[in-house]
Amino acid sequence: MNTSIRHVAIALLSIVVGIVAMRLYRAPEPLPRDAPPETFSATRAMAHISALCRQPHYIGMAAHRQVRDAIVARLRALGYEVEIQSTTAVRKQSWGGTATNVHNIIAIHRGTRPGKAVAIMGHYDSQPNSLGAGDNGSAVAAMLETARALRQLSRPRNDVIFLFTDAEEAQLAGSRAFMEQHPLAKRVGFVANFDSRGSSGPVILYEVGPDHGWYINGLRRAVPEFFGNSLTYEIRKTLPSHTDLEPFLEQKIPGISLGFLEEYAHYHSLTDSPSNLDPASLQHIGNSMLGIARYFGDRPLDAVPQGELTFFNPIGHAMVHYAPWGNTLLLLVVLGLYGLCLFFGARRQRLSLRGIAAGSGGMLASIVAAGIAAWGLKTIICWLNPHFTAYPASTFYNAPLYYLSICAFVLVIQAVICHWRFKRSSLDNLACGALTVGLIIAVALTLFLPAGAHWVVVPLLFAVSAWVIVFHFDWSEAKRPSAFYTALAIASLPAITFFVPQLRFMFTTLGLSTAPLVAPLPPVALLFLIPQLHACWRIHRHLLWGLCLVVGLALLVAGQFTSSWDAEQPLQSHLMACFDMDSHEAIWASNSRRTDEWNARYFEHAVYKPLTEIYPDAQRKRMKSPAPWTELEPPNLSVLSAASSAESNQLRLRLVPARAASYFRLMFPHSAKLSAVTINGKSLRFTTAESDRDNGSYDDLLIRGIDARGVEIAAVCSPRPFELTVIEYSPGLEGLNGFRPMPDHIIPSFNNQSFKTIVKKTFRVNASR
């Protein structure tokens, strides 16, 4: 075979395998409405999303009650007995505490034997400024369709609990209330939490608990299209969890979280709508949910084996798993093979210590340069498009164009470094230098992220094995070129199938703002693809980096041309109206650092300072400007009773909202010596040390989910008079003086305080009332 043809073939093979790996990393096709009744149909489930996700349904909103009633009605129509757990969830925080009125919906598909149950869980509330189709209408609709499908099948061994949690967007209040207060919580033997972010993408396992080996093994059988990776588990262990699964894991209940994560710009946005939701992603949710309910519903859950696994998809949804010590064993094998590689390479006089060191240095330089370049590109992109910072992780709707452009420029850096090294070093030395860097990374992962070390160890095993064979038989471009390129091309396939989907997952999960953390992944992948880079270099020395430079620039230009906003890609804008009832002062405020075409009218005389007019202890700077006064009803706080002694005062307060769907922040000064608060019979204890209390600090109490009747609060505090600051947050700005409605191409920011009316009033509390 002609040498040039070989070089083209090895380059094309890598591209084709990468495309195949990406194509296999996708959700299944949605089934039609007339699919068999015992199967899950995304088309049937989409009807639920269209009905439930017409408007935001945050806790306390009228739409939230309507969604709850619709879920209950549908479950009862399917023949389920439905319980609504209406309670108050309280939680101590470092800055005070929270109390949230929640209404969890519980339905049980009865099994044939008593014992542990399987819980299928998803939250039904949305963010205040989101329609919630993906987060989390997709789970709610899938649960209703799964509940219907299960009625068509024979009864399982175990009960299957459908738990529609409330107030997940309010610090997981619903799932905490279930775990802490409901007797069914003790019967849960396994929980599958479904919670997505964005509007599309394959469903992945992104959160698992410890001792997960037995149910990971089961998931392979339960879910045909299962995507999961123990590296995600290892990383997740180092990060705080913010899903409904957290309270279950705290109580050592086995569980998982699954969801789709792509199209980050729709997260917590009005664009998280039924029309933007990909039915294929919904089908993937449903297939996973129904498979889990059927499989774990028929398995004993009372006594389960312990242990963890390394697990991953080598390509597509094929799954490999083994004990984590297997990575250590593989690493030892790789170290042995690496030693053979050096021995045979040196014996054939194809390797030198200096050449390997030069190759390692070049590869390390490319990894560092990739992070620096990505940071520079991200900074330039956000400077050219300041409105990106209004979106989660600076991720605009066209973010994939920028992800690809960053990858292209990173490849330019790698190609330029290899071009320079190929002129001064041999392919053998450069490739073994790259494998040396890979070996260092593998050792670090094995030590610190043992269940995730496969990510580098497995590709390294194939690559080092190939070079041992090449050096042992003395294959090279000059001698046996066909065998040389065939061995190296085959050995590179695991690196391609591992890294291409992982790169897509990392970019879409973390967003544009974290591109400098993700950008080193391509050069790590390229540690195993030095022969492919050499083949491109031999075809034409400037072909690879020149082509990647052109592609990167073209993608950047395409990104700029598609970075404007319109009704299909609306601009997110942040604005809140603040009213200080004590000083009769009104303020427009924004968490944004700069204005946009819509909110600029409110900040003609803006300053950037802490919002101390509302928050006496504020330190965070916000953009603020004077606003016209609007006569509003203040929050209504009344003292029902006060029983004082020389040491303390026991207060009973009633707090009534002035506006619908309000929630409150109560700021007790430390001089009040707050020691306990009881809300709806649920108590919070405050243990701030006396030495930490001063008149400039506060114990905060955040109360959410209050209806028009208000809430009663019992507090044990100082017998001395003190000033209690009450801040009421209510959704919307309509009806305020000076407010002009948003045009179709402007929507509220994803931030929880965006598009809020905030009213502050200070009450003087006396022991004598």
Side-chain angles (χ1 to χ4, degrees), residues 15 18-19 21-27 134-135 196-206 227-229 231-232 234-236 239 259-267 269 278 281 312-313 366-367 369-382 384-385 388-389 391-414 452 455-456 495-526 529 548 551-556 558-560 562-563 569 750:
I15 294 171
I19 293 172
M22 187 68 78
R23 290 289 298 167
L24 291 176
Y25 182 72
R26 62 177 180 177
D135 179 21
S196 296
R197 187 211 68 197
S199 294
S200 68
V203 171
I204 65 165
L205 174 71
Y206 62 84
F227 293 109
N229 192 314
L231 177 62
T232 306
E234 289 282 15
I235 294 173
R236 186 75 177 181
L239 302 174
F260 49 83
L261 305 172
E262 297 189 5
E263 297 194 68
Y264 200 175
H266 297 310
Y267 180 57
S269 169
D278 186 354
S281 298
F312 56 91
N313 304 105
S366 70
I367 293 173
I372 296 173
W375 175 83
L377 280 169
K378 184 265 298 183
T379 302
I380 292 171
I381 290 166
C382 290
L384 292 172
N385 304 280
F388 281 15
T389 57
Y391 294 80
S394 299
T395 305
F396 197 63
Y397 306 96
N398 63 346
L401 291 173
Y402 291 112
Y403 299 153
L404 292 172
S405 69
I406 289 172
C407 288
F409 283 112
V410 167
L411 191 54
V412 169
I413 293 171
Q414 185 84 2
W455 185 58
V456 174
I496 299 171
T497 60
F498 271 41
F499 279 87
V500 170
Q502 188 70 22
L503 188 62
R504 172 181 166 183
F505 166 74
M506 294 293 285
F507 265 125
T508 56
T509 301
L510 299 177
L512 184 62
S513 65
T514 56
L517 299 178
V518 182
L521 290 183
V524 172
L526 292 171
L529 303 177
C548 289
V551 170
L553 290 173
L555 289 167
L556 273 180
Q560 287 307 112
T562 56
S563 289
Q569 294 186 165
F750 74 97

Legend entry - side chain to side chain donor-acceptor pair (under 3.5 Å) against S200, all qualifying residues, sequence neighbours excluded: E263
[X] side chain to [Y] main-chain N or O, any donor-acceptor pair under 3.5 Å?
| X | Y | result |
| --- | --- | --- |
| N398 | G559 | yes |
| R197 | T509 | yes |
| S281 | G201 | yes |

Nearest 0.5 Å, what's the [atom1]-[atom2] distance between [X] and [Y]?
| X | Y | atom1 | atom2 | result |
| --- | --- | --- | --- | --- |
| I496 | L529 | CD1 | CG | 5.0 Å |
| K378 | L517 | NZ | CG | 9.5 Å |
| E262 | I204 | CD | CD1 | 9.0 Å |
| Y264 | S513 | OH | OG | 7.5 Å |
| D135 | L261 | CG | CG | 10.5 Å |
| M22 | I19 | CE | CD1 | 9.5 Å |

Legend entry - Within the 6.0 Å centroid threshold, strictly below: F498 and F312: yes
Legend entry - Residue from Y403, Y402, Y267, F388 passing side chain to side chain contact (heavy atoms under 4.5 Å, CB included) with T395: Y403
Legend entry - Residue among F507, F505, F499 satisfying side chain to side chain contact (heavy atoms under 4.5 Å, CB included) with L503: F507
Locate the shortest heavy-atom distance separating [X] from [Y]; write the atom from each residue and the value.
| X | Y | result |
| --- | --- | --- |
| C407 | P522 | SG-CG, 4.3 Å |
| Q569 | T562 | NE2-O, 3.3 Å |
| A495 | A525 | CB-O, 4.5 Å |
| P202 | A27 | CB-N, 3.9 Å |

Legend entry - Contacts of N313 that satisfy side chain to side chain contact (heavy atoms under 4.5 Å, CB included) - sequence neighbours left out: F227, M319
Would you mind reporting whether [Y] and [X] have side-chain heavy atoms less than 4.5 Å apart?
| X | Y | result |
| --- | --- | --- |
| V410 | L526 | no |
| L512 | I406 | yes |
| L521 | W455 | yes |

Legend entry - Intermediate values then yes/no, side chain to side chain contact (heavy atoms under 4.5 Å, CB included), F409 and L555: CA-CA 10 Å; F409 283 112; L555 289 167; over 6 Å; no
